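Right, one structure below, let's go through it.
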There are 2 protein chains.
Amino acid sequence: MTPSREVAASAVIHVVDDDDAFRAAIARLLRVAGYEVKDYRSAGDYLVDAPPDGPGCLLLDLHMPGPDGLELQEAVLRRGDGLPIIFLTGHGDVRQSVRAMRQGAADFLVKPVNREELLAAIRAALQRQERELSTSRWRRDLAERYATLTPREKQVLEGVVTGALNKQIAALLGTSERTIKAHRAKIMLKMRVDSVAELVHASAALRPRGAGGKPVD
Amino acid sequence: MTPSREVAASAVIHVVDDDDAFRAAIARLLRVAGYEVKDYRSAGDYLVDAPPDGPGCLLLDLHMPGPDGLELQEAVLRRGDGLPIIFLTGHGDVRQSVRAMRQGAADFLVKPVNREELLAAIRAALQRQERELSTSRWRRDLAERYATLTPREKQVLEGVVTGALNKQIAALLGTSERTIKAHRAKIMLKMRVDSVAELVHASAALRPRGAGGKPVD
DNA sequence: CGGCGCATTGCACCAAAGGACAATGCGGCC
DNA sequence: GGCCGCATTGTCCTTTGGTGCAATGCGCCG
């Protein structure tokens, strides 16, 4: 699909703030700094568009009519836009900052914000995103492929990544070894991998919390 | 080494605060809630002791003579105590809270703190630690086993988890397939796993950033 | 020097995985 | 009813992986 272009489209900063004047000022500042800027007057304005998927980040105000910044953050997380979020707000209160950070915000700044500080925060956020971008895209692809597996195939996959032998999986599912082989072949095709190792990697990446391990002992 | 005892030694809350009265009050409150408490008057008092390794968490004041809470946090991270840190401070300022959270604090509360809120934070922190504890122990074990591999075996392992065939690994290392088989057997023994799947899991857990994936396409 | 750990291999053999070709049964959908 | 996706199997054959047994060569240490 995507012809691998490394044209490094300059990062897009998505600014969501209900204060027109402030938004304009920030946009100008960021453009001067070399970023592409898209601005939105409300959470809804941002959410109606399809999730952007290039490099970039979000700059959110906390207090806004309609859904506020934190709510928008949750929505963004749910939707899975890959963008890191920087909050930029007038009356930063500790509780809110803690909540925002705990929900994965990249930073939380308080107006008035020093120009250098803002740019530094953005640079950090973009850098962080760059690290996550490729892997998150990869995960999305995997999830798509996984979704094409039939229920039975998912069961077999489960067995395979557990290290079970075909005959064991067969016994477990109450079918024959031959059947398992058939499913396995299908799985390898659908998941687009060509080794068990890759399959294990892939299915590990699919599990919710990447941290998990197997203290099975 | 460690005889697996599941005696669930009640969690220890380490309270570091320079305010004697406050410390005493908190300690009392926590003891009543069923926790074991150790209190320290300063960062130094905490750091001189060996890092505790049972279940528990840290409750830190931010403003203290000598190293302050944030500095103590850094020291604790460097030292690798496995304990989650909750900040509890009088004049919480957003910048500090953000910094604390970014450095991995479990929570950041502002005095005066609601009793329930504090206990909830502690419960959450302990729960979080519990999750991390087992996997971090598991990783440590893996690292130990990995360390026993000879350089050659590590190379072979690399190939195996990449999904390479024995013959390919052999070609890569310039030896025979038989040799690879020999190494593989040794690896499975030393790493204490009995399937390639487990091996892949294990070696993935060994890599620094657990997030990593393979956008090898 | 002799022992030890490590890397290397050969041969034979068995077990497991995978591909080829083919076929059956079931439940939905047009 | 006929087509299709999904699950199921069978047989046959090839490729890989894994083991047992045995042996060689090298560098290091006491």
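Owing to the predicted nature of the structure, the values given are computational and were not obtained by experimental measurement. Here is how names work: the chains are called A, B, and so on, in the same order as the sequence lines, proteins then strands, and each is numbered from 1.
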Query - Residue pair A/Gln73 / A/Leu60: nearest heavy atoms and the distance that separates them - result: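 So the two residues come closest at N-CD1, 4.4 Å.
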Report task. Would you name the heavy atoms of A/Ala125 and A/Pro84 that are closest together and state the gap between them? Result ->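 Taking every non-hydrogen atom into account, O-CG, 3.3 Å.
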Just by distance, do the side chain of [X] and the backbone of [Y] share a donor-acceptor pair under 3.5 Å?
X: A/Arg95; Y: B/Leu109; value: no
X: A/Thr89; Y: A/Gly92; value: no
X: B/Asp68; Y: B/Leu70; value: yes

In this structure, how many angstroms lie between the [atom2] atom of [N] and the [atom1] atom of [X], rounded?
X: A/Leu157; N: C/dA17; atom1: CG; atom2: C1'; value: 16 Å
X: A/Gln155; N: D/dC6; atom1: CD; atom2: P; value: 15 Å
X: B/Arg184; N: C/dA7; atom1: CZ; atom2: C1'; value: 18 Å
X: B/Lys186; N: D/dG20; atom1: NZ; atom2: P; value: 13 Å
X: B/Glu177; N: D/dG17; atom1: CD; atom2: P; value: 6 Å
X: A/Lys154; N: D/dC6; atom1: NZ; atom2: C1'; value: 14 Å
X: B/Asp194; N: C/dA15; atom1: CG; atom2: C1'; value: 16 Å
X: A/Ile180; N: D/dT8; atom1: CD1; atom2: P; value: 7 Å

Query raised in the report: Does any residue of residues 164-172 of chain B have a heavy atom under 4.0 Å from DNA chain D, and if so, which ones, in number order?
Result: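 Residues of residues 164-172 of chain B under 4.0 Å from DNA chain D: B/Leu165, B/Asn166, B/Lys167.
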Short side-chain N/O contact from [X] to OP1 or OP2 of [N], under 4.0 Å:
X: B/Ser176; N: C/dT9; result: yes
X: A/Thr175; N: D/dA7; result: no
X: A/His183; N: D/dC6; result: no

Which nucleotide in the set [options] lies at the smallest distance from any side-chain heavy atom of [X]?
X: A/Thr150; options: D/dG17, D/dC6, C/dG19; result: D/dC6
X: B/Thr179; options: D/dG17, D/dA7, C/dT8; result: C/dT8
X: A/Arg178; options: C/dG19, D/dT8, C/dG10; result: C/dG19

Report task. Map A/Lys190 and A/Lys181 onto DNA chain D by nearest heavy atom, then report which one ends up closer to the 5' terminus. Result ->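 The residue closer to the strand's 5' end, by nearest nucleotide, is A/Lys190.
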Query - Residue whose closest nucleotide on DNA chain C lies nearer the 5' end, B/Thr148 versus B/Gly174 - result: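 Its nearest nucleotide lies further toward 5', so the answer is B/Thr148.
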Requested in this report: Determine the interplanar angle of the B/His14 and B/Tyr40 rings, folded into 0 to 90°, and report it as parallel if under 30°, tilted if 30 to 60°, perpendicular if over 60°.
Outcome: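 Ring orientation, 0 to 90° scale: parallel.
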Query raised in the report: Considering only heavy atoms from C-beta outward, does the side chain of B/Pro55 approach that of B/Val12 to under 4.5 Å?
Result: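 Not in contact.
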